[in-house]
Amino acid sequence: MILVFVEQDNGKIKKSSIEAAYYSSQAAIKLGTTAEAVAPGQFNDGELASLGQYGIAKIHHVNNAKLNHFDSQLYTEVVAQIAANTGADIIVLSNHYSGKALAGRLSAKWGAGLISGANSLPEVEDGIVLTKSVFSGKGLAHIKTSTPKKIIAINPNAYPPVKGEGLAHVVTSEVNLPDSKLSVKSVNKVTGTIPLSEADLVVSAGRGLKGPENWGMIEEMAKILGAATACSRAVSDVHWRPHYEHVGQTGLTIRPNLYIAIGISGAIQHLAGVNGSKVMVVINKDPEAPFFKAADYGIVGDAFEVVPKLNAALRKFKGLE
Amino acid sequence: MKLLVCISKVPDTTSRIAFSDNNTKFSTDGVQYIVNPTDEWYALVRALELKENLGGSVTVITVGTIEDEAIIRKTLAIGADDAVRIDATDIDSYFVAAQIAEYAKTQEYDLILTGKETIDYNGSAVGAMIAEFLDLPYISLASRLEMTGTVATIDREIEGGIETLEVEGPCVISCQKGMAEQRIPNMRGIMTARTKPLLVVSPDLGIPSLTSVTYYEPPKERQTCHLISPDNVEELIDLLHREAKMI
């Protein structure tokens, strides 16, 4: 049986958890088994039952306010106890913030093989085999594990969910919890904009913009599209943009549906953080920029001429004027 | 403070990546290795800053063969006091974490730091595994770490924001951008690194690896970039709408 870890944020199921839930239902079909979920913390009414739309029939809800904030030690206890009670042999998590922290702990606790950053359904082959991108996108590795218990951490946006019908059966489960050694002091979220790590569409710009005062047209494009903004390392290093916008190998890794790169040459370190994007567009005045080898669509042109024209055309397309 | 920093060697990002033995092995021919950037720039440098402010020692540890001593010497040149190399090939995250945990059990570290993930396999798992083996709290993707007595105040990245939390006592932390700034070793550091202690420890032979790579393949080729004239931005919008179905 597959047990998928489902997480809440202020009572709402996280997007990454919906993806993991749907992925688990599809993996269960492929492996000829069933998928259930474990959900720690307090959820809004009806929230968990709605996971039935993504193929999850049964949810083990550990309804305890101590679990409203993520603590990898407590959450490991919760998932491990529910897995033991249900006899689950595969745990699925999203390879996102908390999922990464939990996956390693569960692997250590059980001696369970962990395949993290997976981007495929499992193939059965003396255990299971999944693929993942390695070496900054320069290879795809097929990784096998044959341990009795197995853990899959599926990459965000690797397996987009398809909404169906149904209501999940939610059962409340009790778990013995140790005391938390962490205390959360504050949570600061960027409000009013789409968080970069969760965005489907991203507009990103680099040194080609010449200075922070020129970002108005980038923010404008993001606003028209409902996209998040990002930047290259060079730009965050000189503080033209906040460092949490830095995407690339040493910044944030993102896998949006659409990544639009403006005035970014496309060094391998930058591409390593974005080449999981479904579609990439590059706008750069240098036709030799390496980004043109990685992108799906490109415009060779000066950002200061192309972007305002594109924004005007996008506004028209969206019926905004 | 007694600090342990876990480091890993990775191929330099610009290395040509090739596979051998019918694509079942990573070909190390001509590959230049570096210290994993987030281990070096953030975990190691923040550990050194804490030591400089509060006193104590910084030990770096890695699981690797004698070929890894060049990257270990680099971390000593940057300022670590001593190093431990567990003499084995780093097969998978579980193997590495279990070996490091076995060694760490014999010491009493106040903090164990790692980088947020390696840039080759991006497992992001070793820190979490060490924490579980040692029954310690684990805080991942930390961008700030301050110590007040035995209490660590940590900013960790969450979806679209930052959570600030406090931990009392020893813990394991994975470090990312914001934590510190890269340090370039100076000549004095490079000279003294040669004589700093580097302890070679035999691996625990009872520890298995749990995963293996069966096959490598080149990444799926993207289609050639479809170039659009800068005078016809409407075509791009049309393609993104009709062909890519993104907008």
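Throughout, protein chains are lettered first and strands after them, A, B, ... in sequence-line order, and every chain is numbered starting at 1.
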Could you tell me which portion of [X] (side chain, backbone, both or neither) has an atom closer than 4.5 angstrom to a non-hydrogen atom of chain B?
{"X": "A:Ala267", "value": "neither"}
{"X": "A:Thr147", "value": "side chain"}
{"X": "A:Lys132", "value": "side chain"}
{"X": "A:Ala101", "value": "both"}
{"X": "A:Leu74", "value": "neither"}
{"X": "A:Ser116", "value": "side chain"}
{"X": "A:Ala103", "value": "neither"}
{"X": "A:Ser180", "value": "neither"}
{"X": "A:Val184", "value": "both"}
{"X": "A:Ala228", "value": "neither"}
{"X": "A:Phe70", "value": "both"}
{"X": "A:Thr76", "value": "side chain"}

Any chance you could measure [X], atom [atom1], to [Y], atom [atom2], to the nearest 0.5 Å?
{"X": "A:Tyr297", "Y": "B:Leu236", "atom1": "OH", "atom2": "CG", "result": "8.5 Å"}
{"X": "A:Asn95", "Y": "B:Ser124", "atom1": "CG", "atom2": "OG", "result": "7.0 Å"}
{"X": "A:Gln73", "Y": "B:Glu132", "atom1": "CD", "atom2": "CD", "result": "7.5 Å"}
{"X": "B:Ile228", "Y": "A:Leu310", "atom1": "CD1", "atom2": "CG", "result": "9.5 Å"}

Would you call [X] and [Y] a side-chain contact if the rule is heavy atoms closer than 4.5 Å?
{"X": "B:Ile158", "Y": "A:Asp9", "result": "no"}
{"X": "B:Glu217", "Y": "A:His142", "result": "yes"}
{"X": "A:Lys181", "Y": "B:Leu136", "result": "no"}
{"X": "A:Leu252", "Y": "B:Glu157", "result": "yes"}
{"X": "B:Met246", "Y": "A:Asp200", "result": "no"}
{"X": "B:Ile237", "Y": "A:Lys316", "result": "no"}

Check [X] against [Y] and note the closest heavy-atom contact, atom names and distance.
{"X": "B:Met129", "Y": "A:Gly104", "value": "CG-O, 3.1 Å"}
{"X": "A:Gly298", "Y": "B:Cys225", "value": "N-SG, 3.4 Å"}
{"X": "A:Ile299", "Y": "B:Ser229", "value": "CG2-C, 4.5 Å"}
{"X": "B:Thr13", "Y": "A:Lys138", "value": "O-NZ, 2.7 Å"}
{"X": "A:Lys144", "Y": "B:Thr214", "value": "CB-CG2, 3.6 Å"}
{"X": "B:Gly160", "Y": "A:Ser197", "value": "N-OG, 3.8 Å"}

Using a cut-off of under 4.5 Å for heavy-atom pairs, which of [options] has the most such pairs with chain B?
{"options": "A:Lys150, A:Glu305, A:His246", "answer": "A:His246"}
{"options": "A:Val281, A:Val134, A:Leu102, A:Leu140", "answer": "A:Leu140"}
{"options": "A:Lys14, A:Lys293, A:Lys15", "answer": "A:Lys14"}
{"options": "A:Arg105, A:Glu198, A:Lys189", "answer": "A:Arg105"}
{"options": "A:His243, A:Gln249, A:His69", "answer": "A:Gln249"}
{"options": "A:Leu114, A:Leu106, A:Leu196, A:Val282", "answer": "A:Leu114"}

ask   = Pick one: which of A:Leu314, A:Asp296, A:Val279 meets side chain to side chain contact (heavy atoms under 4.5 Å, CB included) with B:Leu240?
value =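 Of all the options given, the one that passes is A:Val279.
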key: Audit row: B:Lys177, A:Asp237, salt bridge (charged side-chain N to carboxylate O under 4.0 Å, His left out) steps and yes/no   = CA-CA 11 Å; B:Lys177 192 167 176 150; A:Asp237 277 359; 3.4 Å; yes
Between [X] and chain A, which part of the residue has a heavy atom less than 4.5 Å away: side chain, backbone, both or neither?
{"X": "B:Tyr121", "result": "both"}
{"X": "B:Ser209", "result": "neither"}
{"X": "B:Asp231", "result": "both"}
{"X": "B:Thr164", "result": "both"}
{"X": "B:Pro137", "result": "both"}
{"X": "B:Asp238", "result": "neither"}
{"X": "B:Ala97", "result": "neither"}
{"X": "B:Ile119", "result": "both"}
{"X": "B:Ile154", "result": "neither"}
{"X": "B:Glu235", "result": "neither"}

In terms of heavy-atom pairs under 4.5 Å with chain A, which of [options] leads?
{"options": "B:Val167, B:Asn232, B:Ile162, B:Ile139", "answer": "B:Ile162"}
{"options": "B:Gln176, B:Glu159, B:His226", "answer": "B:Glu159"}
{"options": "B:Tyr215, B:Tyr42, B:Tyr216", "answer": "B:Tyr215"}

query = Does atom CD of B:Glu181 have more than 12 heavy-atom neighbours from other groups under 6.0 Å away?
reply =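 Counting other residues, nucleotides and ligands, CD of B:Glu181 stays at 12 neighbours or fewer.
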key: Backbone of A:Gly251 reached by a side-chain donor or acceptor of B:Lys116 within 3.5 Å   =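 Here the side-chain-to-backbone pair exists.
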key: Backbone of B:Leu210 reached by a side-chain donor or acceptor of A:Thr145 within 3.5 Å   =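 Pair found, side chain donor or acceptor close to backbone of B:Leu210.
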message = Checking A:Glu125 now: which residues fulfil salt bridge (Lys or Arg N to Asp or Glu O under 4.0 Å) with it, not counting sequence neighbours?
response =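 Residues passing salt bridge (Lys or Arg N to Asp or Glu O under 4.0 Å) with A:Glu125: none at all.
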query = Would you call the rings of A:Phe135 and B:Phe19 parallel, tilted or perpendicular if under 30° counts as parallel and over 60° as perpendicular?
reply =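 Answer is tilted, since the angle falls between 30° and 60°.
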query = Where does the angle between the aromatic ring planes of A:Phe317 and B:His241 fall among parallel (under 30°), tilted (30 to 60°) and perpendicular (over 60°)?
reply =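 The arrangement is perpendicular - the two ring planes meet at more than 60°.
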key: Counterpart residues, side chain to side chain contact (heavy atoms under 4.5 Å, CB included), relative to A:Lys12 (two or more places apart)   =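 If we apply the side chain to side chain contact (heavy atoms under 4.5 Å, CB included) test to A:Lys12, skipping adjacent residues, the hits are A:Asn44, A:Glu47.
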query = Going by atom types only, do A:Lys100 and B:Ser174 share a side-chain donor-acceptor pair under 3.5 Å?
reply =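 No, because no side-chain N or O of A:Lys100 sits under 3.5 Å from a partner of the opposite role on B:Ser174.
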